[in-house]
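The structure under discussion appears below in the form of structure tokens.
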Amino acid sequence: MAIDLNFNEEQQLICNTAKEFFAKRCPPELARKYENSTEDFPRELWKEIADLGWLGMTFPVEYDGLGCSFLDTYGIYVEAGRSLAPVPLLEAIGIGAALVARMGSADQKQALLPAIAAGDKLVTLAIMEPDGSYGANGVTLTAVKQGDGFVLDGTKLLVACAGTADRLIVAARTGGAGEDGVTLFLVDPKAAGVSIERTKNIGGYPLYAVTLAKVAVSAADVLGAVGKAWPATEAVMMQAAVLQSAMVVGAGERVLEIAVGYAKERVQFGQPIGRHQAVQYLCTDVAIALRNTSLLTLHAAWKIDSGQPFLREAALAKASASKASAKMTFAAHEVHAGIGFMIDYDLQLYTMRGKHWEYNLGDARHHYEIAVAQAAA
Amino acid sequence: MAIDLNFNEEQQLICNTAKEFFAKRCPPELARKYENSTEDFPRELWKEIADLGWLGMTFPVEYDGLGCSFLDTYGIYVEAGRSLAPVPLLEAIGIGAALVARMGSADQKQALLPAIAAGDKLVTLAIMEPDGSYGANGVTLTAVKQGDGFVLDGTKLLVACAGTADRLIVAARTGGAGEDGVTLFLVDPKAAGVSIERTKNIGGYPLYAVTLAKVAVSAADVLGAVGKAWPATEAVMMQAAVLQSAMVVGAGERVLEIAVGYAKERVQFGQPIGRHQAVQYLCTDVAIALRNTSLLTLHAAWKIDSGQPFLREAALAKASASKASAKMTFAAHEVHAGIGFMIDYDLQLYTMRGKHWEYNLGDARHHYEIAVAQAAA
Amino acid sequence: MVDFCPDDTPELKAWRLEVREFLHEAWPSKRIFDYDYDEDPAGWEEYKAFWRAVGKKGWVALTWPKEYYGQARSTVEKWILDEEFIAYGAPTYPVIGLAVAAAVLRHGTHEQRLRHLKGIAEATTLWGEGYTEPSAGSDLASLTTRAHRDGDHWVLNGQKTLGTAAHQCDWMFVLARSDPNSVKHNGISAFLVPLDTPGIQMLPLENIGDGQQNQTFFENARIPADCLVGDEGQAWNQIWFGIGGEQLDNAFAAQDTHLMRMVRMLADTISYCKETKRGGAPLTEDPVIRVQLGELMVGVEALRLAALDGYSKAATSGKGGRGALESNLNAAFYKEFWPHYAQVAMEIVGPLAQIQGGKWAQLNGRFEKYFRTSFGNHAGGTSQLKRMVAATRGLGLPR
Amino acid sequence: MVDFCPDDTPELKAWRLEVREFLHEAWPSKRIFDYDYDEDPAGWEEYKAFWRAVGKKGWVALTWPKEYYGQARSTVEKWILDEEFIAYGAPTYPVIGLAVAAAVLRHGTHEQRLRHLKGIAEATTLWGEGYTEPSAGSDLASLTTRAHRDGDHWVLNGQKTLGTAAHQCDWMFVLARSDPNSVKHNGISAFLVPLDTPGIQMLPLENIGDGQQNQTFFENARIPADCLVGDEGQAWNQIWFGIGGEQLDNAFAAQDTHLMRMVRMLADTISYCKETKRGGAPLTEDPVIRVQLGELMVGVEALRLAALDGYSKAATSGKGGRGALESNLNAAFYKEFWPHYAQVAMEIVGPLAQIQGGKWAQLNGRFEKYFRTSFGNHAGGTSQLKRMVAATRGLGLPR
């Protein structure tokens with residue numbers, strides 16, 4: 001069994017099914033349609049995905065899940081990336097539901113997970129603040145104890161699907177500094193004192209600015225232990241960073257296809273441009289970045305799947321994916337020159353979303369920091 | 001006259017003379033001969049250069065100098081770089097004598113400058129310490145007041161020509177922190193307590209480790225004001241950094257010649273390799289790095305020459321030169337593949353010396369720091 | 001004698017002040033407007049009014065001969081004017097008009113000069129680019145748009161593409177094959193084409209930099225014979241490589257326009273970093289960002305000096321041109337450095353750089369937009385082409 | 001099933017321990033020795049003795065068939081062995097011998113296998129490279145060394161160059177044109193040549209990595225007919241592209257050898273940064289250095305995983321090879337990343353990295369030496385060639 005980089009049969013089947021499904025249901029026009037749209041995402045498509053059993057796949061069986069492993073769902077994210085499917089798989093399942101599954105009380109899990117698995121409810125994380133910092137130090141939104149509950153004050157940015165979410169998981173500071181004193185709260189975005197505003201952004205994603213002004217939250221809506229949420233939050237975000245990297249891999253495969261296809265077809269100076277060494281360099285730039293990221297991401301996923309420490313591996317994967325996301329699309333644009341610059345051409349869809357992915361869950365520098373902290377410990 | 005990037009007639013004449021002189025007197029074999037040799041440099045050649053009037057060119061006329069401007073000597077450094085002339089022009093004239101000329105008392109100048117101009121005496125700077133830091137903070141060698149004089153203790157590394165120098169200018173800390181409390185001392189390397197050891201190095205230069213153990217220095221050998229030496233020392237080093245950049249430019253011109261020449265001649269797969277786009281990229285890599293550095297360096301030199309503030313411009317020039325030094329030789333090696341790897345081939349002489357130049361008087365990062373400090377002030 | 005100072009006389013210093021004062025009056029909003037990446041109608045009106053005001057001062061045609069609406073002023077004065085425009089953040093003149101002016105001044109007839117240069121000088125006539133075709137970008141030899149002579153007219157048939165802002169223009173500078181039997185670079189002529197000619201249709205092509213380029217279709221579009229500029233069939237030599245061996249787009253202003261924007265961007269990037277705190281400290285105190293800023297400063301300053309060098313060579317040679325090696329090296333470097341700059345700036349700003357507008361957009365979303373526009377770096381020829389030309393024409397490597 | 005763990009059974013874990021214990025005994029000095037960049041005679045003696053000891057254990061030929069001195073062990077055991085050698089810092093086996101073994105195992109006769117594999121397995125016979133010629137590096141088609149048949153001998157005439165450490169070798173694996181009328185890749189044969197054959201002379205070529213490569217001259221050097229390996233005239237297909245479409249040098253070990261050195265170098269770089277203070281703080285606390293280290297970690301780990309992927313594919317396919325795309329992409333990346341690594345490591349260390357030896361040399365001068373050796377990244381084909389092959393054979397771009 002040892003040293004094998006291939007999926008098992010079930011996983012391969014999921015990959016194939018996902019590839020077919022997304023190819024059919026999520027053509028590039030769908031991604032275009034939901035770009036900075038008024039609707040967060042196509043709810044009926046989300047329902048279809050729920051019906052396929054993919055939303056609750058990794059949830060425990062007692063909460064209507066399938067108890068599948070991390071690697072079992074890996075291929076779905078690769079394919080979601082390839083197709084630019086405009087659904088919040090990563091945000092609502094890879095992050096939101098994963099936080100609930102990991103840190104929630106039995107009541108919280110019961111209230112949320114089956115409904116999430118069914119595609120009826122949505123929970124997303126609100127962590128980034130106007131400071132723009134990743135990591136625990138970036139969490140400064142205040143949560144002050146009042147009676148049994150807390151009062152929250154502050155602003156969160158880049159919050160996914162706040163217009164649709166039933167609950168936001170708001171990371172707040174209940175005291176302490178750094179990793180100590182971070183607490184997660186389940187907040188209803190329609191609660192008094194919460195205001196949300198969709199912010200137009202380069203990837204066209206449903207990302208919101210969320211302002212909390214004296215928002216009262218009950219003790220029952222604390223997710224995990226007060227002041228001790230960071231390690232589990234970080235672990236979930238790092239796992240999600242691996243899923244984000246898997247999306248970059250899927251997208252990269254498509255970008256490579258587009259670039260190579262164009263290089264073979266486009267004739268300049270009397271021959272296909274793909275015969276020019278410069279274009280061959282650009283195409284292999286894409287392929288090298290893709291291959292490296294693919295290997296690092298699969299390795300990190302395997303570490304997670306097999307229950308080993310994975311922070312270093314996940315950090316290397318996401319650092320590579322962040323760099324690759326920019327590098328692959330840039331090289332593909334250089335292959336295309338003028339035509340790639342046109343809105344009508346699909347390559348740019350990857351470029352714009354790729355920019356979000358580059359930042360999402362930590363940019364390369366953030367993950368270099370984590371990897372080096374692990375290595376130099 | 002405004003906006004003109006050409007030397008005046010006299011300067012052009014000096015360039016031409018220097019080019020001819022170095023081409024004749026400093027073939028690559030001479031550089032090879034003095035690589036990590038027991039002799040610091042060819043003294044007779046140094047005398048010849050003195051006879052040409054180049055050593056004292058910028059010295060005031062009252063100290064046997066010619067009172068020439070910074071730009072007047074610029075071309076000599078370009079040509080010294082091109083020919084890899086194994087003489088300490090930069091170390092003894094651009095730094096050592098320049099410090100004396102700028103900071104010395106009348107007595108000190110009288111004692112040293114005419115003799116330096118004649119090629120009879122040599123003064124070099126000892127500043128870098130085992131910590132490897134550039135800048136004022138790196139100066140930690142202690143100078144403790146004793147009677148009228150001082151006692152020096154500590155180690156200096158990468159000291160040029162300590163085996164030949166009549167005096168070392170030792171940067172020491174007489175108190176304070178940072179830029180405050182740095183003092184320069186004229187120390188005889190043969191004085192009691194001073195031990196020197198030549199350290200084999202990649203550029204093959206006469207660089208020494210100098211250890212000072214309770215070395216007594218009289219008040220008369222303090223160069224400049226006690227504790228106030230930093231600003232002038234930095235100014236001289238930054239001017240010298242521009243001269244070092246000029247050497248990189250001269251060397252780069254030769255490296256470009258070598259690479260382009262080889263690309264035209266070498267036949268692989270039935271055609272000159274210079275027809276391959278990859279090789280054209282590599283050659284233009286050299287040319288771009290060279291052109292940028294050349295422009296930045298000339299600009300910095302002009303700023304110095306015209307008495308304007310120049311730290312930002314000098315820093316940009318040396319940052320570019322440090323990067324270019326590595327980039328140009330790397331690209332040229334890529335053009336050559338196997339043959340460039342051979343000791344017998346001259347390209348590598350530039351690569352190895354270029355590594356020293358990359359570090360000398362501050363690497364790219366050090367100069368980025370200076371440039372940004374100026375811009376963000 | 002080496003001198004990087006453009007205004008080293010009292011007259012020139014006074015000129016600089018004059019320009020500066022004018023800008024404060026003529027562009028008080030300090031609105032950032034790049035004609036090739038902006039479609040806002042109000043912005044266009046303000047922009048056109050601004051350049052008409054510049055034109056009225058005679059400053060578009062500052063260096064042109066007096067007989068053709070110019071002021072015959074020195075290139076150094078032009079440089080000072082440009083520097084002030086950069087420093088102020090004023091928008092740049094649409095580059096094609098300047099290229100047309102260069103071509104007409106060099107190869108046009110007296111009548112053509114009289115007729116066309118006025119509108120360019122006064123910024124009342126805007127010109128569009130008509131070189132690029134769907135199958136002929138940098139590869140002019142593949143040009144298929146044809147012009148055939150019919151009495152005292154030329155008849156154009158074919159299609160042009162990627163005409164930046166052509167929908168805003170009145171005229172187009174069109175390259176077409178006038179000799180049907182010619183191949184490659186021979187037999188191509190240059191035409192000054194009024195866009196209201198029957199038989200010309202335009203379709204919009206939107207780009208990811210918020211700009212509009214266009215497809216222009218010519219179907220038996222008849223233009224008078226005197227629309228031919230330069231010798232028949234000689235456009236490759238006269239126009240495309242007409243100015244000191246450079247390509248048309250580099251000839252006068254395209255690169256300088258982009259340089260100006262980059263100089264402005266660098267100033268804004270540094271200010272942003274000084275003013276923006278992360279983790280309690282300004283970004284300028286972050287050691288990694290300092291390295292990034294330093295590297296950006298080196299690149300921008302090298303490009304600025306390269307432009308100065310171009311001016312110096314133009315002034316010295318009197319030919320108005322830069323060498324093939326230098327200009328193509330600069331162009332290649334610029335075309336690679338621009339997207340690099342944009343990428344690094346986005347990295348410095350961090351995740352909030354994604355936001356395009358509203359309260360949370362950083363520097364009003366300009367980093368983000370600059371990033372998107374940087375994918376337009378192919379305009380006027382890719383860096384690959386510039387390197388190839390630099391290597392073969394400049395360094396003498398075999399073709 | 002995805003599994004990156006080579007030792008997931010008690011037997012394999014025990015095997016790892018066995019290797020580890022052996023290394024402590026067999027290479028107690030932990031001396032850093034790279035056979036291709038070291039000329040120290042004492043080092044060579046120690047090195048050869050070490051590999052003879054490994055050979056005696058049967059570990060050079062670990063995966064070979066038992067009938068040819070091998071142990072027919074699994075590739076996973078080989079991987080574990082290699083990992084332990086890396087982690088320990090043991091020197092690597094001279095790569096050409098392994099390439100010869102691969103070629104002889106695949107294309108040699110039973111007699112050739114019996115005769116030649118023993119010396120390789122026991123590390124008593126060292127092999128040199130005889131492909132490269134002064135005018136034929138990566139371009140094998142230009143090969144001019146000729147072999148003509150004379151009775152039961154082949155007679156070699158010509159010149160080989162860049163034979164790394166060939167002066168330490170007993171035999172050389174020579175490619176020569178056996179059909180005088182052939183052109184390009186046809187008509188090239190592979191020969192197993194004893195270097196004590198009369199008519200063979202060697203001249204040293206020193207490289208900047210402290211290694212010695214060599215010129216080897218063949219003047220009517222007569223070798224027995226059974227020195228031909230594989231089919232006459234088929235070396236291009238059988239040997240050069242013989243192993244799963246890869247070039248000879250990549251076939252077994254060259255890339256893995258370099259990878260091992262880089263993994264060792266990364267561990268040492270990180271330790272150095274932890275232990276070295278600048279301005280009072282360890283280098284690992286410098287934010288810029290952290291970014292540099294992170295980037296190096298990503299590259300090295302990607303290469304390590306690519307090697308694992310190669311093992312996985314070899315184990316799965318049973319063909320002992322990796323795909324043309326993957327192996328050439330890895331090779332191109334490696335060949336560009338190596339000098340990048342060396343450059344960045346030198347930047348991290350700073351000015352003292354210049355010092356080559358003595359008390360003040362950093363990490364005993366190993367950063368500096370690694371930098372110099374990185375200019376040997378062309379050996380086995382330049383990154384340009386690897387990219388070209390990856391693009392055309394792998395991605396299907398036109399040639």
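Quick note: numbers below take in every heavy atom, side chains included, and nothing from hydrogens, waters or symmetry partners. So you know, we letter chains A, B, ... as the sequences are listed, proteins then strands, and number each from 1. These numbers were taken from a predicted model, which means no experiment stands behind them.
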Check: So, is the end of the D:R73 side chain (NZ or CZ) under 6.0 Å from the ring centre of D:W15 and within 45° of the ring's axis?
Finding: yes
[X] portion near chain A, given a 4.5 angstrom heavy-atom threshold:
X	value
D:R290	both
D:Q292	neither
D:T392	side chain
D:L329	both

Margin query: Tell me whether the rings of D:Y370 and D:Y341 are parallel (<30°), tilted (30 to 60°) or perpendicular (>60°).
Written below: perpendicular
Item checked: A:Y77 side chain vs A:S245 backbone, donor-acceptor pair below 3.5 Å -> no
Please classify the contact between [X] and chain D as side chain, backbone, both or neither, with a heavy-atom cut-off of under 4.5 Å.
X	value
A:A377	backbone
A:L71	side chain
A:D285	both
A:R275	both
A:A301	neither

Any idea which of [options] has the most non-hydrogen atom pairs under 4.5 angstrom with chain D?
options	value
A:K264, A:R291, A:Q280	A:R291
A:Q271, A:Q11, A:K303, A:R312	A:R312
A:L256, A:V279, A:L295	A:L295

How about [X] and [Y]: does a side-chain donor come under 3.5 Å of a side-chain acceptor?
X	Y	value
A:Q12	A:N16	yes
A:H333	A:T351	yes
A:T58	A:T73	no
D:E336	D:S383	yes

Next item on the list: Flag yes if more than 12 heavy atoms outside D:K277 fall under 6.0 Å of its NZ atom; otherwise flag no.
Entry: no
Checklist line | Minimum heavy-atom distance between D:K13 and D:D8, given as atom pair plus value | finding: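 That closest heavy-atom pairing would be NZ-CA, 4.3 Å.
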Check: If you count heavy-atom pairs under 4.5 Å with chain A, which of D:L325, D:I289, D:T284, D:V76 comes out on top?
Finding: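 Greatest number of close heavy-atom pairs with chain A: D:V76.
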